[in-house]
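Down below is the structure, laid out as structure tokens.
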Amino acid sequence: MNKLYNTFENQLRDKLAGHEMPYEPQHWNDLQSNLRPQGRSSSALIVALLATFTFLGGLGIASYQAINLKSTAKVASSKDLGLESAVVKKSQSKALVTVPSSDSMSEAVKTNTTSNLSMHSVSTENKTQTPVVPNTEINAPTEFANNANPAEATVPLAAENQKKKLAFAPSVSTACAGSEIEFKVTSLPDGVTGNYIWNFGDGKFKAETAPSNIYTKPGHYDVSLSITDDNGRITTTVLNKAIVIVPTPKADFTWHFDNVDPDRPTIKVINTSANASSSEWTMKDGSKMTDINPSIDLLSQGKHMLALQVTNQYGCSNGTVKHISVNSDLNLGAPKAMKIGKDTFMPEALKSNKHNFILTIYDPSGNAVYETSNRSKGWDGSLSGGSQATIGQNYQWRVLIINDLTKEEKYFNGTLNIIP
Amino acid sequence: MFYGKMKSVCMRYTRDNDQAMDVLQEGFVKVFNNLDRYTGVGSFEGWIRRIMVNLSIDRFRKLKHDFVLLGENDNLENWDIHSNEQEEEKDGDDAIYDITPEQIIDAMQQLSPAYRTVFNLYVFENYSHQDIAEALEISVGTSKSNYAKARKNIRKLLSKSLNLNLTRENE
């Protein structure tokens, strides 16, 4: 098998090696309640006992004490619910099972809720097993499905009982990180009142009836709402992937000088923004551009302001402002004139500057005659082909100073007169 | 904790978060109820992971009759995986370095259960096609063909997300 050498598979393996999914408190709670001391076997036993009830009804005489059927996110699925409600209904119809109040029972069924149902009755044949039963929580629907066949038969009941569900809706389902999202209940089953607990899926909880939450990290979030009434009945609803948080855009750009015309530099702007779908550039004079990477003519000396505003498809935006220097007043301390054979031309500022630079000299016709990035190698006036600069003529110089960190370039130019 | 890692494993074997959580829950219940059976041979994480994988295999076997894709026609049984590997050699080194683990999981979740399970076992659990065939109660040929198709689909899905990443960057 040559799979070791198969780069694609190896890359997949590398990518997922040690990968971890974020922790979801809701599921941890589920898990903990699945791990009650009696564990799997006793849950199965309880299911068996419930089934006995369902079928033997009045014959069974058992001592059930406070079997808590706790609703969880998973229990809300129709199949599981169908089973529970079937069990409950059957029990109700048999005289030996007493339930706190038949009203609360039917209500619990209607609202997808079964919690703290106490059933009191006695079964001689099951007596020996009773110590196992008290206060055991059942909330593993898979075990219902695995161990009890009546599930199928009772599915229609579930549909009937789900007429009015607890439901809620977020103000928006997709938003940028940092957005505040409001939640409102959109459907409240009759008679359900009590304390609200919202789990926003990002580790935050609130107890208001119509809360809002600020999601700071991109991702998918499950949101759940539980209403607990005075009798301890809990009605829960979960909205899976209710909220999608996308990254906030971040505006940034750099530029470099593009042309060789020392009097009319053009910059090429490189857009380095992240998570954006559109860009808008604003210049000092108020003119705007929407190119992603625009080219801009800088006609005058001085500092040119350039503002970038980026927006993503959800309308979230971010902006940044930078100044592009062209031939600032300092002029790099460059000499205005030089004597051939005596001086070499290197602007003073470059000698001590720590950034990289390119110095280019142009002859009167605009041809580059010399170029260097070496501080100690100024122009001595020689031209290509061994000739020398003509006395009395003006040579243009251009300097680009490159900031190694930001990759931004500053542009300087000036005139050098050759004197005898 | 092993929670995050195991959730990642379960996500790969299932269609969505809910299914993954079901397997994860069942797996951890098994882990805790069988702690005394952990012999100390091999890493504890590996042991937990094996429980998760075995549960996923069980789940697949239970659902197997739902799949149209298994029991492919005969010529697929003799399907030659090597010819395909050579064909793909050309683009075999394409970089997926920009792909996030979440995108890989997302792509895997889009596969059919048969493709997904075979692909998972072969790539991440280092099963041979013989092992897979035995575990899933399918033929070796089916395992090979499902693997090749899964691989092709995954590549397609991943290059889609890769392009998406690039477009985003260029915007």
Completion exercise
Between B/Ser8 and A/His19, the two heavy atoms sitting closest are OG-ND1, 2.9 Å
Problem - Close side-chain approach of A/Lys15 to B/Thr100, heavy-atom, < 4.5 Å - result: no
Exercise for the section: Answer yes if the side chains of A/Asn240 and B/Asn17 hold a donor-acceptor pair under 3.5 Å, and no otherwise. Expected result: no
Exercise for the section: Give, for atom CZ of B/Arg12 and atom CE of A/Met21, the distance between the pair rounded to the nearest 0.5 Å. Expected result: 11.5 Å
Fill in the blank from the handout: Distance col, row A/Leu16:CG vs B/Met11:CE, nearest 0.5 angstrom, shows 11.5 Å
Handout entry: Listed partners of B/Arg116 passing side-chain hydrogen bond (donor to acceptor under 3.5 Å, both in side chains), at least two apart
Key = none
Practice task
For A/Glu20 and B/Lys7, run side-chain contact (heavy atoms from CB on, under 4.5 Å): C-alpha distance rounded to whole Å, both residues' side-chain angles, the deciding distance at 0.1 Å, then the answer.
Solution key: CA-CA 7 Å; A/Glu20 293 188 35; B/Lys7 187 174 173 196; over 6 Å; no
Handout entry: Step-by-step side-chain contact (heavy atoms from CB on, under 4.5 Å) determination, A/Arg13 to B/Asn126
Key = CA-CA 10 Å; A/Arg13 271 190 285 265; B/Asn126 271 315; 4.1 Å; yes
Practice task
Grab the two heavy atoms, one from A/Leu12 and one from B/Phe124, that are nearest each other, plus how far apart they are.
Solution key: O-CE2, 3.8 Å
Practice task
For B/Glu45, check side-chain contact (heavy atoms from CB on, under 4.5 Å) against everything at least two apart and list the hits.
Solution key: B/Phe2, B/Lys5, B/Met6, B/Ser43
